[in-house]
Amino acid sequence: MAASPVDVRTITITLPDGSERTFEEGVTGYDIAADIAMGLARNALAVKVDGEVWDLHRPIHDDAEVAILTWDDKEGKQTFWHSAAHLMAEALEELYPGVKFGIGPPIDRGFYYDVDLGDRTISQDDLGAIEKKMKELAKRDVPYERQEVPKDEAISYFEEKGDEYKLELIEDLEDGEITFYEQGNFVDLCRGPHLPTTGDIKYPKLLNVAGAYWRGDENRTQLTRIYGIAFPKKKELDEFLERLELARQRDHRKLGRELGLFTFSKEVGPGLPMWLPKGTTLRETLSKFLKDEQLKRGYQQVITPHIGRLELYRTSGHYPYYKESQFPPMLFSEEDGQEDGYLLRPMNCPHHTQIFAAQHHSYRDLPVRLAEFGTVYRFEQSGELGGLTRVRGFTQDDAHIFCTPDQVKGEFKDVIDLTLTVLSALDFTEFKAQISLRDPENMEKYVGDDALWSQAEQDIREATEEMGLDAVEVPGEAAFYGPKLDFMVEDALGREWQLGTIQVDYNLPERFDLTYVDASDERQRPVMIHRAPFGSMERFTGVLIEHCGGNFPTWLAPEQVRVLPIGSDFNDYASSVCDQLRAAGLRAEVDASDETVGYKIREAETQKIPYMLVVGEREVDAGTVAVRQHGKGQQDVLSVNVFINRIQMEIDEEMGR
RNA sequence: GCCGACGUAGCUCAGUGGUAGAGCAGCUCUCUCGUAAAGAGCAGGUCAGCGGUUCAAAUCCGCUCGUCGGCUCCA
């Protein structure tokens with residue numbers, strides 16, 4: 001950098017490790033990276049300056065804390081993908097002249113751009129051509145150039161281009177903060193930052209097209225959203241595509257069919273899953289596990305009907321307020337002309353309030369914990385249905401805890417403990433926990449006493465801390481009736497699903513006028529806590545199937561052992577082995593078909609049955625079984641009793657007993 | 001609900017205007033078998049449904065239903 005000796009000013013750059021270096025004013029992130037190591041400069045994608053991500057070649061004028069961002073940093077990837085989105089936009093403009101652009105941000109995995117193609121449409125089949133054009137453009141290797149533009153100039157540029165979306169975006173910006181980025185023939189309104197050049201985006205991959213409303217508003221134009229991803233190295237793209245393929249293999253809809261777990265029928269109706277015998281075994285095993293845990297914790301099991309009078313839901317506030325997401329009510333008119341009828345229940349809680357209300361409660365009785373695997377029905381929009389994760393009829397592993405405000409924290413701790421016990425038994429180690437709090441800007445939209453809310457929010461915070469749970473707090477996400485704690489996991493395709501939930505409710509006890517009598521003989525309002533560690537049996541099972549790829553732990557496997565006689569001469573022995581297994585409480589079957597052993601094994605392996613017991617003459621003579629474990633080949637020859645002991649020990653261990 | 005794609009045998013898929021195909025699964029027979037597919041034969045379809053264009057439609061057009069990818073919503 002040439003600078004005259006007179007006006008050189010130096011600035012101090014602090015690196016992430018705390019070390020300081022001195023540079024001339026106007027130094028760039030690239031220069032700093034090069035000063036540290038040439039290798040770093042080569043891999044640098046952007047630079048973080050005082051917590052803000054900048055272009056690598058943007059001059060730094062003041063003392064700053066600086067971190068060089070590479071592919072290994074989230075912000076580095078985001079910059080890369082953001083630039084890839086611009087490259088795709090340039091390709092689209094070449095292929096579809098006159099296309100208008102909405103927004104094109106990076107997302108967790110890749111990027112998208114929302115575009116208005118006028119009368120033209122784009123389908124999956126067109127993506128290859130766009131991708132090809134992107135590669136072609138990337139080869140030109142031109143820089144992404146940042147320009148600060150006055151507002152009126154920005155407006156006239158997009159007026160001339162006729163892009164009303166960009167104009168609308170500019171409207172909302174202040175003069176002086178508007179920047180354009182230009183690469184080759186493409187100019188876009190953009191905050192940035194971007195990569196130094198297009199040439200780094202060597203391996204783009206466009207994934208799918210979808211409709212998306214402009215600014216997420218369904219009353220406005222629907223744009224075409226194109227999703228893509230890009231990588232600097234071929235190896236990374238290949239790995240990504242491989243993961244995608246693996247995810248497809250794990251899709252619970254595919255495995256559910258192959259393993260005979262559940263099915264759907266057009267006749268029964270969309271979004272109404274039916275559990276096949278094996279899926280039912282799986283679900284009931286899960287339910288029993290949870291029920292047993294709950295009994296240890298003082299829950300009481302209840303059973304309530306699947307429908308209720310409209311009046312129940314008028315009192316609870318669910319009807320007609322949430323009418324669009326309910327199946328239409330079964331109506332009849334009473335003699336006095338009053339409309340009355342029944343509703344398929346969208347929730348279990350109104351019924352449970354009536355169980356609580358059926359008896360007088362002393363403070364000594366609290367907390368009352370009413371549990372039910374309650375089936376509910378919600379009329380989800382048709383476009384939202386999918387597999388077991390979004391359905392119209394599902395069973396919540398529900399319970400409602402009626403307690404005093406002082407007991408909220410203790411109950412939360414117990415439910416967190418229960419949830420963690422359950423998740424760990426199912427080998428879920430990757431999940432997120434989120435505490436949803438009131439929106440400090442809109443405090444009036446919440447029901448219930450302000451002091452109670454504050455106390456409950458603090459109780460949840462402390463409960464999570466004391467249980468060693470790492471939770472993120474999100475203000476504004478609370479329901480109108482109370483704060484909550486949610487557990488979220490990702491499915492095989494990286495989509496995030498809410499599973500377990502714990503919610504405080506000040507609303508229903510009020511609406512149903514629920515009371516208990518305190519120590520001074522005063523009637524008091526209990527707090528209600530809704531909680532479901534799995535969320536719904538359907539969604540949870542769907543996510544579980546993907547989580548383990550259909551290879552269920554032995555305790556959950558619908559069929560735990562299959563006995564395979566080598567020939568029909570050994571069918572009787574196989575049956576007697578099977579009987580012994582069943583007598584020991586194991587789920588076992590015999591494959592007495594006229595097939596070869598090889599065939600029977602292949603069949604059992606594809607069905608992902610944990611144990612196969614091959615029996616022939618040697619086993620009959622010795623009273624043993626030849627044990628083969630799923631995915632591991634033959635292991636041991638054991639006596640039937642020893643095998644039973646082993647598998648039972650394994651099951652106990654899996655269930656955390 | 002909206003945008004886009006798709007719908008052929010139980011499953012996976014071929015078939016672009018001229019008599020509906022394959023592999024696997026199923027059934028029958030033969031083989032009685034030692035760790036991931038024995039052999040032969042048979043059966044199986046209103047090409048999602050309805051309507052239209054045409055001498056002729058799985059194929060072209062329209063509507064309906066369903067599925068998939070998103071958007072939106074989720075007490």
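For the numbers below, each heavy atom of this structure counts, side chains included, while hydrogens, waters and symmetry mates do not. Keep in mind that what you see is a predicted model, and the values were worked out from it rather than measured. The sequence lines fix the lettering, A, B, ..., with proteins before strands; numbering per chain opens at 1.
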Exercise for the section: Quickly work out the A/F394 CZ to B/C74 C1' distance and round it to whole Å. Expected result: 9 Å
Fill in the blank from the handout: Between CG of A/L244 and P of B/G69 the distance, given in whole Å, is 12 Å
Problem - Gap in Å between the two C1' atoms, one belonging to B/G1 and one to B/C42, rounded - result: 49 Å
Practice task
Check whether any side-chain heavy atom of A/L344 lies under 4.5 Å from a side-chain heavy atom of A/Q326, and answer yes or no.
Solution key: no
Problem - Euclidean distance for P, B/C11 against B/A48 (whole angstrom) - result: 13 Å
Practice task
Write down the distance separating the P atoms in B/G17 and B/C73, rounded off to the nearest Å.
Solution key: 45 Å
Fill in the blank from the handout: The residue among A/L207, A/D126, A/L127, A/N208 that forms side chain to side chain contact (heavy atoms under 4.5 Å, CB included) with A/I226 is A/L127
Problem - Side chain of A/R602 - closest among B/G34, B/A75, B/A36 - result: B/A36
Exercise for the section: For B/C68, give its Watson-Crick or G-U wobble partner with both distances under 3.5 Å, or none. Expected result: B/G4
Exercise for the section: Working to the nearest 0.5 Å, report the span between CD1 of A/I601 and CD of A/E595. Expected result: 12.5 Å
Problem - Check: A/D114 side chain, A/G102 main-chain N or O, donor-acceptor pair, under 3.5 Å - result: no
Problem - Rounded distance (Å) that lies between atom P of B/A36 and atom CG of A/L564 - result: 11 Å
Practice task
Provide the distance between the two C1' atoms, one in B/C47 and one in B/G66, to the nearest whole Å.
Solution key: 16 Å
Practice task
Please work out if A/R345 contacts a base, only the sugar-phosphate, or nothing of the nucleic acid, heavy-atom cut-off 4.0 Å.
Solution key: nothing
Practice task
Could you tell me whether A/G216 contacts a base, only the sugar-phosphate backbone, or nothing, with contacts defined as non-hydrogen atoms closer than 4.0 Å?
Solution key: sugar-phosphate
Problem - Partners passing side-chain hydrogen bond (donor to acceptor under 3.5 Å, both in side chains) against A/E617 (at least two apart in sequence or in another chain) - result: none
Practice task
For nucleotides B/C2 and B/A14, find the distance between their C1' atoms and express it as a whole number of Å.
Solution key: 34 Å
Exercise for the section: Remember a base hit wins even if backbone is also touched, and classify A/D594 as base, sugar-phosphate or nothing at under 4.0 Å, heavy atoms. Expected result: base
Problem - For atom CD of A/Q381 and atom C1' of B/G1, their distance in whole Å - result: 5 Å
Practice task
Could you list the residues that satisfy side-chain hydrogen bond (donor to acceptor under 3.5 Å, both in side chains) with A/R392, not counting sequence neighbours?
Solution key: none
Handout entry: A/E595 CD - B/C31 P separation (whole Å)
Key = 15 Å
Problem - Whole-angstrom distance between B/A40 and B/A25, as gauged at atom P - result: 13 Å
Handout entry: Touch class at under 4.0 angstrom, heavy-atom based, for A/G387 against every strand present
Key = sugar-phosphate
Practice task
Check every strand shown and say whether A/R257 touches a base, only sugar-phosphate, or nothing at a heavy-atom separation below 4.0 Å.
Solution key: sugar-phosphate
Problem - Separation of B/G70 P from A/I226 CD1 (nearest whole Å) - result: 15 Å
Exercise for the section: Tell whether A/T596 reaches the base of B/A37 with its side chain through a donor-acceptor pair below 3.5 angstrom. Expected result: no
Exercise for the section: Would you mind classifying the nucleic acid contact of A/R628 as base, sugar-phosphate or nothing, using non-hydrogen atoms under 4.0 angstrom? Expected result: base
Practice task
Would you indicate which nucleotide in B/U35, B/G69, B/C33 comes nearest to any side-chain atom of A/I566?
Solution key: B/C33
Practice task
Let me know which of A/E477, A/K445, A/E457 forms a side chain to side chain contact (heavy atoms under 4.5 Å, CB included) with A/R438.
Solution key: A/E457
Problem - Salt bridge flag under 4.0 Å for residues A/R531 and A/D398 - result: no
Practice task
Remember a base hit wins even if backbone is also touched, and classify A/F570 as base, sugar-phosphate or nothing at under 4.0 Å, heavy atoms.
Solution key: nothing
Exercise for the section: Would you classify A/L207 as touching base, sugar-phosphate or nothing, given that sugar-phosphate means primed atoms plus P, OP1 and OP2, and contacts are heavy atoms under 4.0 Å? Expected result: nothing
Completion exercise
By nearest-nucleotide position on RNA chain B, the 5'-leaning member of A/Q326 and A/Q634 is A/Q634
Handout entry: Sugar-phosphate only, base, or nothing, as touched by A/V614 at under 4.0 Å among non-hydrogen atoms
Key = base
Practice task
Report which part of the nucleic acid A/E603 touches: base, sugar-phosphate, or nothing (heavy-atom distance under 4.0 Å, all strands).
Solution key: nothing
Handout entry: Side-chain heavy-atom pair A/V115, A/L92 within 4.5 angstrom cut-off
Key = yes
Exercise for the section: Using a heavy-atom cut-off of under 4.0 Å over every strand shown, decide if A/Y481 touches base, sugar-phosphate, or nothing. Expected result: sugar-phosphate
Practice task
Between B/C27 and B/G44, how far apart are the C1' atoms? Round to whole Å, please.
Solution key: 10 Å
Completion exercise
From CZ of A/R392 across to P of B/G66 the rounded distance in Å is 8 Å
Problem - Gap between atoms CD and P, on A/Q607 and B/A25 respectively (whole Å) - result: 13 Å
Practice task
Could you tell me if the ring centre of A/F356 sits under 6.0 Å from that of A/F512?
Solution key: no
Practice task
Have a look at A/Q629 and say if it touches a base, only the backbone sugar-phosphate, or nothing, with a 4.0 Å heavy-atom cut-off.
Solution key: nothing
Problem - Footprint string (nucleotides 2-7 of chain B, 5' to 3'): B base within contact, S backbone only, - free, heavy atoms under 4.0 Å - result: BB-S-B
Problem - Separation of the C1' atoms in B/C55 and B/C13, to the nearest angstrom - result: 32 Å
